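So the structure is just underneath, and the comments pick up after that.
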Amino acid sequence: MTNPADRNTALAARDLKHIWHPCTQMHDHAMTGKGGVPMLPIVRGEGAWLIDAEGRRYLDGISSWWTNLFGHANPRIAAALAEQARTLEHVIFAGFTHPPAIELAEELVRITPPGLDKVFFADNGSAAIEVALKMSFHYWLNQGHGEKTRFIALTGSYHGETLGALSVSDVALYRKTYAPLLLTPILAPSPDAYEGEPGESPAQVAARRVAELRALLECHAHETCAVIVEPLVQCAGGMRMYHPDYLAGLRKLCDEFAVHFIADEIAVGFGRTGTMFACEQARVSPDFMCLSKGLTGGTLPLSAVLTTQHVYEAFYAEYSAGKAFLHSHSYTGNPLACSAALATLAIFRDEPVLERNRALAAHLGRRLEPLRDHPHVAEVRQTGMIAAVELVADKATRCPFPAEDRRGLRVYLHGLRHEALLRPLGNVIYFMPPYVVNEAEIDHLVTVATSGIEQAMV
Ligand SMILES: Cc1ncc(COP(=O)(O)O)c(C=O)c1O
């Protein structure tokens, strides 16, 4: 029998013997107990909290990679899942369908921006991006425009790590090593307000970046299938935020130059930015909208690509025309995942989620306010339920800390010692909690982050 006080260590040792974790230099864990990074076995979740094998609790300030909306082990989603598991766990999705997928497609069409009437399911965020890229390319091919083979992506963007999704991503950490394997996107400068000129407002940055995008399209529209963006917040790129005017300008340019607009709302969809979908803040409908993460409330992997009847019709022809869209995953439209998504969307229907989030977001903003004066904080920014603190070596010049310093990691380790899961992106400490947090829990996250920042600056 393992001594209860050693349960974490025992499970971590078994894990490390065989498991290779994502986004991890496994050597970081080799020093566990000697100043390294712990491998924490979580055995239970409860609301916004995660509980380890020794009963220690961690407030999930990042919604477990931005997936969780309504708390861990949410009873309503769990009940829907249990019921579905007893009814139908899975069925091939070619030639067969099932009520949860049908209902979910109807509901997604109802709640997404107008004109998105067709739903293609896949099973994670990166797969949704692959679908959108292939579908856009294939649309143009079916229209007699096989010369359109390229994509425009924003600097600092992140769309996933399968080869296609990574191709249109621009975060060096993930992309650099694999660059020889990737498609070459055309990079448009991000409207990221942090990178604006001194004195420039976010709206002015957006206007300038729209003009630069126009210039790119003038050169490249003929060979471009689509422009792909993360609406309003470039999450993995450091929670960089921009003005909705950019999306409105992008929509107009895509129409004018006959290229598609792909909105990757995988991280920002389902209420994160204050509206159900970020595109709503610019009153635009993209040609493709990719959804995942919060779609199942953070319970199971599932993704969906929504597109227009117009796009769909470019593929709709006699079999012999060879125009069908070809992309399949074994678990496409999995009934369990669809049921979890339906239960998640039912919570949005039955409870004033966005209204409650507005109050929580305002509280989070107020609590972060004092950090603006910190000598190593260049910016505190927020869009709805996403807030970020940019740490710099020099406030006046905004000179960043060298990545090797791993200041963010120090904040992470401090958080774990003080019942908070904060997982900074480099030098950006951010907050993206599940919507079930209360004000006291937000206070806890901010207090721990603030003391963590102090310690990390030494
Ligand atoms: C905007 C965005 N797109 C795509 C992805 C990829 O999703 P997944 O990790 O499910 O493949 C992510 C993941 O963080 C993301 O933030």
Side-chain angles (χ1 to χ4, degrees), residues 21-24 60-69 120-136 151 153-171 173-175 178 182 185 190-192 226-242 246-247 250 261-273 277-279 286 288-306 327 329 331-332 334 337 340-341 344 383-386 388 421 423-426 428 430-432 434:
H21 287 260
C23 202
T24 300
D60 188 352
I62 59 154
S63 297
S64 283
W65 262 341
W66 323 335
T67 58
N68 194 286
L69 303 187
F120 192 98
F121 288 113
D123 41 24
N124 60 65
S126 301
I129 299 297
E130 302 291 335
V131 167
L133 299 177
K134 283 174 69 179
M135 213 179 249
S136 173
F151 296 92
L154 297 181
T155 54
S157 59
Y158 177 93
H159 298 286
E161 292 177 52
T162 52
L163 294 180
L166 192 57
S167 290
V168 290
S169 298
D170 181 47
V171 178
L173 174 67
Y174 308 111
R175 190 180 206 282
Y178 305 101
L182 305 178
S190 167
D192 170 11
V227 181
I228 180 166
V229 301
E230 294 159 88
L232 298 186
V233 187
Q234 294 185 290
C235 293
M239 298 297 164
R240 294 298 182 86
M241 300 178 183
Y242 62 88
Y246 186 80
L247 299 174
L250 171 61
F261 169 1
I262 302 175
D264 174 356
E265 294 231 11
I266 287 163
V268 295
F270 302 104
R272 275 288 167 201
T273 64
F277 298 102
C279 281
F288 300 92
M289 182 181 269
C290 302
L291 301 173
S292 188
K293 292 195 187 269
L295 173 59
T296 61
T299 307
L300 279 174
L302 177 69
S303 60
V305 179
L306 281 90
H327 190 97
H329 293 289
Y331 282 99
T332 301
N334 174 257
T344 301
T383 302
M385 286 291 276
I386 309 174
L421 168 45
R423 198 173 192 277
L425 293 155
V428 176
Y430 71 91
F431 305 84
M432 206 164 172

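For ligands, and for the atoms within them, numbers begin at 1 and follow the listed sequence. Numbering starts at 1 and runs along the sequence shown. These numbers were taken from a predicted model, which means no experiment stands behind them.
Shown here are the side chain to side chain contact (heavy atoms under 4.5 Å, CB included) partners of Leu173, two or more places apart in sequence or in another chain: Val171. Shown here are the side chain to side chain contact (heavy atoms under 4.5 Å, CB included) partners of Ser126, two or more places apart in sequence or in another chain: Asn124, Thr162, Ala165. Taking Arg240 as the reference, Asp192, Glu195, Glu390 meet the salt bridge (Lys or Arg N to Asp or Glu O under 4.0 Å) condition, with sequence neighbours excluded.
Leu425 places none of its side-chain heavy atoms less than 4.5 Å from the side chain of Tyr158. Between Val268 and Leu232 the shortest side-chain heavy-atom distance does not fall below 4.5 Å. Counting only heavy atoms from C-beta outward, the side chains of Met385 and Ser63 never approach each other to under 4.5 Å.
The protein residues lying under 4.0 angstrom from ligand 1, judged by non-hydrogen atoms, are Trp66, Asn124, Gly125, Ser126, Tyr158, His159, Gly160, Glu230, Asp264, Ile266, Ala267, Lys293.
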